[in-house]
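Some notes on the structure that comes next.
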Amino acid sequence: MSKIDELIKELCPDGVEIKELNDVIISLNTGLNPRQFFKLNTEDAENYYVTIREMHGGKVVFSDKTDRMNDEAMRLCNNRSNLEKGDVLFSGTGTIGETVVLDETPQNLNSHLRYFKGFNNCYILL
């Protein structure tokens, strides 16, 4: 039995239904590119800027190397992304396949990360 078959048996004992991604999400979007809209690591930058570097083991993990942005840049990012608990982040470049399901509402997102918004039920993405 494959790993996916084991997961389906464990998590979906009544079976699964295959659906198109656009049938199970509200939206699919990207973050905001700092080169075009704002500068990172300015003197007044106090807010974390999420990139693929911060995605580890299904979680967003900040470090001393995490870029930061100021409040105006964060406002721009939030206007675009509006991330919420339960959204799924994934990499659109570089380390393809790294994902994070947000367990709290973050404040920012890099343009190379994409996200699904609005899963209303439990879905396994293949």
Side-chain angles (χ1 to χ4, degrees):
M1 181 179 286
S2 72
K3 181 66 175 175
I4 190 68
D5 290 330
E6 291 174 17
L7 287 170
I8 289 171
K9 184 177 178 182
E10 175 187 342
L11 300 173
C12 308
D14 296 330
V16 296
E17 179 182 352
I18 297 173
K19 292 189 172 205
E20 295 284 326
L21 186 59
N22 64 347
D23 291 336
V24 297
I25 63 172
I26 292 172
S27 64
L28 172 62
N29 296 300
T30 66
L32 204 57
N33 187 328
R35 290 179 296 236
Q36 295 173 347
F37 297 98
F38 57 90
K39 293 186 181 205
L40 294 172
N41 304 313
T42 58
E43 284 187 26
D44 60 343
E46 297 180 3
N47 309 293
Y48 289 118
Y49 183 66
V50 179
T51 70
I52 187 64
R53 288 186 315 216
E54 285 72 48
M55 294 172 58
H56 300 284
K59 295 189 180 289
V60 175
V61 180
F62 299 116
S63 75
D64 59 340
K65 294 182 181 183
T66 300
D67 288 318
R68 294 188 182 238
M69 61 185 171
N70 65 22
D71 290 343
E72 177 60 18
M74 188 168 83
R75 186 188 64 73
L76 289 170
C77 286
N78 287 344
N79 284 344
R80 165 128 181 164
S81 301
N82 190 29
L83 294 172
E84 300 174 301
K85 180 179 178 178
D87 289 350
V88 178
L89 302 182
F90 66 99
S91 175
T93 61
T95 308
I96 304 296
E98 188 74 41
T99 60
V100 170
V101 177
L102 297 174
D103 58 4
E104 61 184 52
T105 301
Q107 299 297 314
N108 40 64
L109 181 64
N110 174 276
S111 65
H112 296 290
L113 295 179
R114 297 350 186 219
Y115 65 97
F116 304 129
K117 179 174 271 316
F119 283 97
N120 294 320
N121 295 300
C122 176
Y123 293 99
I124 296 176
L125 302 175
L126 304 176

- Residue Glu6 excluded, over 12 heavy atoms near CD under 6.0 Å: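 Enclosed.
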- Item | Non-hydrogen atoms of Thr99 and Phe90 that approach each other most closely |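 Answer, listing the atom of Thr99 first, then Phe90: CG2-CB, 3.8 Å.
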- Task: Look at Glu72 together with Arg75 and state whether they make a salt bridge at an N to O cut-off of under 4.0 Å.
- Result: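 Between Arg75 and Glu72 there is a salt bridge, with a charged N closer than 4.0 Å to a carboxylate O.
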- Item | pair Leu89-Val60: side-chain heavy atoms closer than 4.5 Å |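 The answer is yes, as the side chains (C-beta and beyond) meet within the 4.5 Å cut-off.
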- Query: Hey, are the side chains of Cys77 and Phe38 touching, using non-hydrogen atoms and a 4.5 Å cut-off?
  - Reply: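 Result yes, sub-4.5 Å side-chain heavy-atom pair found.
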- Please check if Ile4 and Val16 belong to a single hydrophobic cluster, counting links between Ile, Leu, Val, Met, Phe, Trp and Tyr side chain heavy atoms closer than 4.5 Å.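 Yes, Ile4 and Val16 fall within the same hydrophobic cluster.
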- In terms of hydrophobic clusters joined by side-chain contacts under 4.5 Å, are Ile52 and Val61 together?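 As far as the 4.5 Å side-chain criterion goes, Val61 and Ile52 are not connected within one cluster.
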- With Asn47 as reference, evaluate Asp67, Asn70, Asp71 under the side chain to side chain donor-acceptor pair (under 3.5 Å) test and give the passing residue.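 One option only clears the test, and that one is Asp71.
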- Message: So, applying side-chain contact (heavy atoms from CB on, under 4.5 Å) with Phe62, which one of Glu54, Arg68, Arg53 is it?
- Response: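 Result for side-chain contact (heavy atoms from CB on, under 4.5 Å) with Phe62: Glu54.
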